[in-house]
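Below: one structure, written as structure tokens.
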2 protein chains.
Amino acid sequence: MKDTALVDSLLAVMEDSPAPIYQRVKGAISTKVASQEWLPHQRVPSEAELVKALGVSRMTVNRALRELTAEGVLERQQGVGTFVAPQKVHSALFEVHNIADDISARGNKHHAQVLRLDSGQATTDEAMQLGVRTGNAVFRSLLVHFENDKPVQMEERVVNAVIAPEYAEQDFTTITPYAYLNQAAPISEGEHLVEAVTPTRWEAQALGLSDAAACLQIRRRTWSGDNIVTSARLLSPGHVLQLFGHFQR
Amino acid sequence: MKDTALVDSLLAVMEDSPAPIYQRVKGAISTKVASQEWLPHQRVPSEAELVKALGVSRMTVNRALRELTAEGVLERQQGVGTFVAPQKVHSALFEVHNIADDISARGNKHHAQVLRLDSGQATTDEAMQLGVRTGNAVFRSLLVHFENDKPVQMEERVVNAVIAPEYAEQDFTTITPYAYLNQAAPISEGEHLVEAVTPTRWEAQALGLSDAAACLQIRRRTWSGDNIVTSARLLSPGHVLQLFGHFQR
DNA sequence: GTATTTAACTTGTATAGACAAGATGTTACT
DNA sequence: AGTAACATCTTGTCTATACAAGTTAAATAC
């Protein structure tokens with residue numbers, strides 16, 4: 001007969017409030033989890049039990065449990081039960097901006113200079129990056145982005161020619177490669193490798209750096225469905241990558 | 001009389017499939033959005049229209065639309081209607097690991113050396129970082145993390161003493177500050193500023209660097225509810241920050 | 001003509017009932 | 001003892017109905 005205890009402990013959290021019932025049910029349960037009164041892998045009362053304890057309909061309880069599952073608080077298995085989800089590796093939702101938007105968001109003027117734009121056959125290294133066979137058709141581009149006429153980023157890119165066959169015909173002084181590729185083949189997944197590097201003399205010169213200052217290098221690969229669209233190397237002196245995010249649990 | 005066209009175009013996507021009905025409704029709608037047949041800000045048929053067109057119950061349509069809204073595909077306004085959501089600034093779900101886990105995940109041995117651990121009053125700069133008043137009680141710590149006896153990261157940290165009053169009594173050779181703070185005051189939000197810097201001579205020495213190689217510097221502030229728990233500066237030579245993520249739309 | 005009320009339509013939530021489907025233990029049979 | 005059928009409990013989904021609440025536009029009163 002744990003029902004009375006269950007009623008007490010859950011109802012205490014749900015007491016009268018203007019919020020919708022399913023939200024109050026969610027709150028009552030996630031409070032139990034957050035307070036560690038209910039521990040990971042521990043079983044949560046079944047829908048039927050919660051219905052009896054809380055005096056609400058099953059669909060309402062179901063919605064609360066379903067949403068908490070989507071939020072990573074609970075785990076459910078049909079036929080077995082509902083359990084408190086184990087604490088996840090912290091993950092965060094960050095925002096990544098494309099450089100042109102970034103610059104205009106700061107109220108500055110952006111323009112780009114195209115240093116190279118050609119097509120060719122993928123080297124072994126490029127083929128690895130794009131997940132294609134060596135010798136497949138690729139495009140290569142090399143740009144420098146300017147903020148108010150000051151160079152701020154070098155962008156070296158290899159593009160899968162099968163996915164974006166018209167890449168070489170674009171005018172990258174009016175549209176960024178990122179923006180073009182995203183409209184040609186909408187991005188579904190991305191991978192970023194961020195590291196600090198010392199630029200080569202040539203790169204430092206192209207970026208207008210007097211000495212070999214530390215640069216932030218981002219290697220970004222983007223997928224469209226199962227295909228790798230492009231692999232880019234972004235080199236920014238003194239640039240800051242800003243990552244916000246709220247952690248899950 | 002756009003109903004017949006609506007039926008045709010949507011039913012075509014929903015044709016017999018073992019998937020649950022609400023999933024097929026979601027699929028039919030998100031296909032329209034993905035194919036850009038329905039454009040951002042454009043109106044989506046009302047629940048009543050979809051019910052008539054698809055021959056399913058309103059609750060089922062409602063669930064499909066509600067979940068697509070949660071996923072950022074649609075936007076809804078009570079009393080007005082449902083609309084295709086404007087393309088968001090690309091955001092991605094990344095995973096951030098704490099260094100000790102990271103090292104042990106690679107099968108290596110981690111240990112830390114505490115260079116400094118004391119308490120004091122917040123300087124103006126520290127107070128800014130923590131969102132408290134100048135002079136408030138804070139703890140300061142300076143650690144070097146080792147991977148197989150090789151220094152890999154310097155961690156300089158300021159902690160809000162009100163939130164974690166027992167910080168200075170911890171043994172950070174057995175638990176990382178991050179792990180301790182997270183259990184003392186669970187992280188709810190985080191902010192990361194990533195940049196490339198050239199370490200000072202002193203820092204280079206502490207990290208065992210012969211020359212002044214470029215280092216990846218991460219400034220991380222973590223919140224617990226409305227309070228800033230800590231502000232950390234992580235300095236890693238040759239370290240790579242790996243960010244995966246699937247983009248929204 | 002203007003302001004107010006009303007009607008109609010939208011999404012948001014809640015309920016009761018039903019059946020499907022997965023998991024598990026119990027019973028009955030060989 | 002081993003096996004198969006069954007009962008029972010779980011979550012998963014779908015439906016029909018109902019009312020609440022926000023928005024908009026038309027109808028009405030002045």
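Chain letters run A, B, ... following the sequence lines, proteins first and then strands; every chain starts at 1. Treat the numbers as computed from the prediction; the structure is a model and nothing was measured.
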Problem - Which residue lies more 5' along DNA chain C, comparing B/Arg66 with A/Gly79 via nearest heavy atoms - result: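 Its nucleotide being nearer the 5' end, the pick is B/Arg66.
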
Problem - 5' precedence on DNA chain C between B/Asn62 and B/Val80 (nearest-nucleotide basis) - result: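 Here B/Val80 is the residue nearer the 5' end.
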
Choosing from [options], which nucleotide comes nearest the side chain of [X]?
X: A/Arg58; options: C/dT15, C/dC19, D/dC14; result: C/dC19
X: A/Gln78; options: C/dT13, C/dG22, D/dT23; result: C/dG22
X: A/Val56; options: D/dC14, D/dT15, C/dT15; result: C/dT15
X: B/Ser57; options: D/dA18, D/dA16, D/dT23; result: D/dA16

Exercise for the section: Assign each of B/Gln77 and A/Gly81 to its nearest nucleotide of DNA chain D by heavy atoms, then name whichever residue's nucleotide is nearer the 5' end. Expected result: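 The residue closer to the strand's 5' end, by nearest nucleotide, is A/Gly81.
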
Problem - Pairwise 5' ranking along DNA chain D for B/Arg63 and B/Met59, keeping only the more 5' one - result: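 Mapping each residue to its closest nucleotide by heavy atoms, the 5'-most match is B/Arg63.
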
Exercise for the section: Check the distance between C/dT11's C1' and B/Glu67's CD and give it to me in whole angstrom. Expected result: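 Distance, rounded to whole Å: 16 Å.
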
Handout entry: Separation of C/dT11 P from B/Glu75 CD (nearest whole Å)
Key =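 The distance from CD of B/Glu75 to P of C/dT11 comes to 14 Å, rounded to the nearest Å.
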
Handout entry: N/O (side chain, B/Thr82) to phosphate O (OP1/OP2, C/dT11) under 4.0 Å
Key =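 For C/dT11, OP1/OP2 do have a side-chain N/O of B/Thr82 under 4.0 Å.
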
Practice task
Please check the phosphate of C/dT15 (OP1 and OP2 only) for any side-chain N or O of A/Thr60 closer than 4.0 Å.
Solution key: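 So the side chain of A/Thr60 is within the cut-off, an N or O lying under 4.0 Å from OP1 or OP2 of C/dT15.
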
Problem - D/dG22 base / B/Arg76 side chain donor-acceptor hit below 3.5 Å - result: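 Such a pair does not exist between side chain and base.
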
Do [X] and [Y] have a side chain donor and acceptor closer than 3.5 Å?
X: A/Glu147; Y: A/His110; value: no
X: A/Thr230; Y: A/Arg157; value: yes
X: A/Arg76; Y: A/Thr82; value: yes

Problem - Ring geometry between B/Tyr180 and B/Tyr167 (parallel below 30°, tilted from 30 to 60°, perpendicular above 60°) - result: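 Rings of B/Tyr167 and B/Tyr180: tilted, 30 to 60°.
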
